[in-house]
Colleague: 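One structure is given below, represented as structure tokens, and several questions about it will come after.
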Amino acid sequence: MDALRVYTKSRKRLVFLVVAIAVLFVGYALPSPEGLSQPGKMTLVILAFVFIMWVGDVMPKSVSSIMAIIMLPFFGAAESLSVVYGSFVNSIFFFLVAVFGIAAVVNHSDLPSRLMILFIRLFGNNSKMLVLAFSATAWVVSAFMSDLAACALVAGIVITLAKELDLPRKLVMCIMIATPMGSMAGGVI
């Protein structure tokens, strides 16, 4: 039975791959519609190609996305790879990578557990104070770094703790609502 599933899945992927390649080359061969330039048409064709690859789960989404970026200049949708890379790689991209990288590092450390132990010592089992504590943490952190980064950091800690300690769903929802509000308030500072 498992062999049949694997065969069916690989066959489905092959069908989606063939359809995606057909869309790519038929789109390349067809003339551009009136009012749309050749680079614009090829951008839409490559988008359709990648979308079909994603829907068919032909390969990992990251691989097909990078493949689309590389395909843009080869099919005439962009002047060169440097133009394409210049559009994708800027300071905002590196900022987001750093923010979520820092959040991942913190979540894989023992900081979330230590923070929760501190909050439990300070507030006992008072859920309102716990929500306030996480909001205040986001507030303090966002006073020194970006609001988005502070929110991602504290929200990651909350998610880690919610999984580890099996916190009640309503409590986690309250904390997750209060966290962005705290980080936004801290950003005003």
Colleague: For C151 versus T179, what's the shortest heavy-atom pair and its separation?
Modeller: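 Shortest heavy-atom separation between C151 and T179 comes out as O-CG2, 4.0 Å.
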Colleague: Would you check if M173 and M176 make a side-chain contact, meaning some heavy-atom pair closer than 4.5 Å?
Modeller: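 Contact flag for M173/M176 side chains = no.
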Colleague: Taking side chain to side chain donor-acceptor pair (under 3.5 Å) as the definition, give me every residue that meets it alongside S64, ordered by chain and number, with sequence neighbours left out.
Modeller: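 S64: side chain to side chain donor-acceptor pair (under 3.5 Å) contacts with W54.
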Colleague: Please give me the minimum heavy-atom distance between F134 and I157, naming the atom from each residue.
Modeller: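 Nearest pair, atom of F134 first, then I157: CE2-CG2, 4.1 Å.
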Colleague: Please answer: with hydrophobic residues joined when any side-chain heavy atoms are less than 4.5 Å apart, are L118 and M129 in the same cluster?
Modeller: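 Yes, it is one cluster - the side chains of L118 and M129 are joined through contacts under 4.5 Å.
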Colleague: Tell me whether V50 shares a hydrophobic cluster with F74, the cluster being built from Ile, Leu, Val, Met, Phe, Trp, Tyr side chains joined at under 4.5 Å.
Modeller: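 Yes, one cluster joins them.
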Colleague: What's the shortest heavy-atom distance between S183 and A150, and which atoms?
Modeller: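 Heavy atoms of S183 and A150 come nearest at CB-CB, 4.2 Å.
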Colleague: Can you tell me how far the CE atom of M59 sits from the OG atom of S65, to the nearest 0.5 Å?
Modeller: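 Reported value, rounded in 0.5 Å steps: 10.5 Å.
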Colleague: Under a 4.5 Å side-chain heavy-atom rule over Ile, Leu, Val, Met, Phe, Trp and Tyr, are I177 and I159 clustered together?
Modeller: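 Per the 4.5 Å side-chain linkage, I177 and I159 are not co-clustered.
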Colleague: List the atom of G27, the atom of M42, and the distance in Å for their closest heavy-atom pair.
Modeller: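 Answer, listing the atom of G27 first, then M42: O-SD, 4.1 Å.
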Colleague: So, do S142 and M184 sit near enough that their side-chain heavy atoms are less than 4.5 Å apart?
Modeller: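 A side-chain contact is absent here, since even the closest heavy-atom pair is not under 4.5 Å.
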Colleague: Roughly how far, to the nearest 0.5 Å, is CD1 of I46 from CE of M71?
Modeller: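 Taking CE in M71 and CD1 in I46, the distance rounds to 5.0 Å.
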Colleague: Flag the pair L14 / V58 as yes when at least one side-chain heavy-atom distance between them is below 4.5 Å, and no otherwise.
Modeller: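 No, side chains not in contact.
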Colleague: Is there side-chain contact between V45 and F75, with heavy atoms separated by less than 4.5 Å?
Modeller: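 A side-chain contact is absent here, since even the closest heavy-atom pair is not under 4.5 Å.
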Colleague: Same cluster or not: are I21 and V63 linked, directly or through other Ile, Leu, Val, Met, Phe, Trp or Tyr residues, by side-chain heavy atoms under 4.5 angstrom apart?
Modeller: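 Same cluster.
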Colleague: May I have the step-by-step check of side chain to side chain contact (heavy atoms under 4.5 Å, CB included) for M53 and F16, ending in yes or no?
Modeller: CA-CA 7 Å; M53 297 284 278; F16 274 99; over 6 Å; no
Colleague: Between P73 and I69, what is the shortest heavy-atom contact and its length?
Modeller: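 That closest heavy-atom pairing would be CD-O, 3.5 Å.
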Colleague: Within this structure, what is the CG-OG1 distance for the pair L153 and T137, rounded to the nearest 0.5 Å?
Modeller: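 One gets 9.5 Å once the value is rounded to the nearest 0.5 Å.
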Colleague: Give a yes or no on whether E79 atom CD has more than 12 heavy-atom contacts from other residues, nucleotides or ligands under 6.0 Å away.
Modeller: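 12 or below, so no.
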Colleague: Distance check, rounded to the nearest 0.5 Å: L17 atom CG versus R13 atom CZ?
Modeller: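 Atom-to-atom, L17:CG and R13:CZ are 11.0 Å apart.
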Colleague: Taking atom CG of L130 and atom NZ of K128, what is their separation to the nearest 0.5 Å?
Modeller: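 Spacing of CG (L130) from NZ (K128) equals 13.0 Å.
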Colleague: Quick check on M181: does its CE atom have over 12 non-hydrogen neighbours (other residues, nucleotides or ligands) under 6.0 Å away?
Modeller: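 Not more than 12 within 6.0 Å, no.
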Colleague: Following the transitive rule for hydrophobic clusters with a side-chain heavy-atom cut-off under 4.5 Å over Ile, Leu, Val, Met, Phe, Trp and Tyr, establish whether F51 and F49 coincide in one cluster.
Modeller: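 Yes, one cluster joins them.
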Colleague: Report yes or no: does S135 contribute a side-chain atom to a donor-acceptor pair with the main-chain N or O of L132 at less than 3.5 Å?
Modeller: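 Side chain of S135 to backbone of L132, a donor-acceptor pair under 3.5 Å: no, none is there.
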Colleague: Roughly how far, to the nearest 0.5 Å, is OG of S127 from CD1 of I175?
Modeller: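 I175 atom CD1 to S127 atom OG measures 8.5 Å (nearest 0.5 Å).
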Colleague: Mind checking who shares a hydrophobic cluster with V26, ILVMFWY linked at side-chain heavy-atom distances under 4.5 Å?
Modeller: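 L30, which link up through side-chain heavy atoms under 4.5 Å apart, make up the rest of the cluster.
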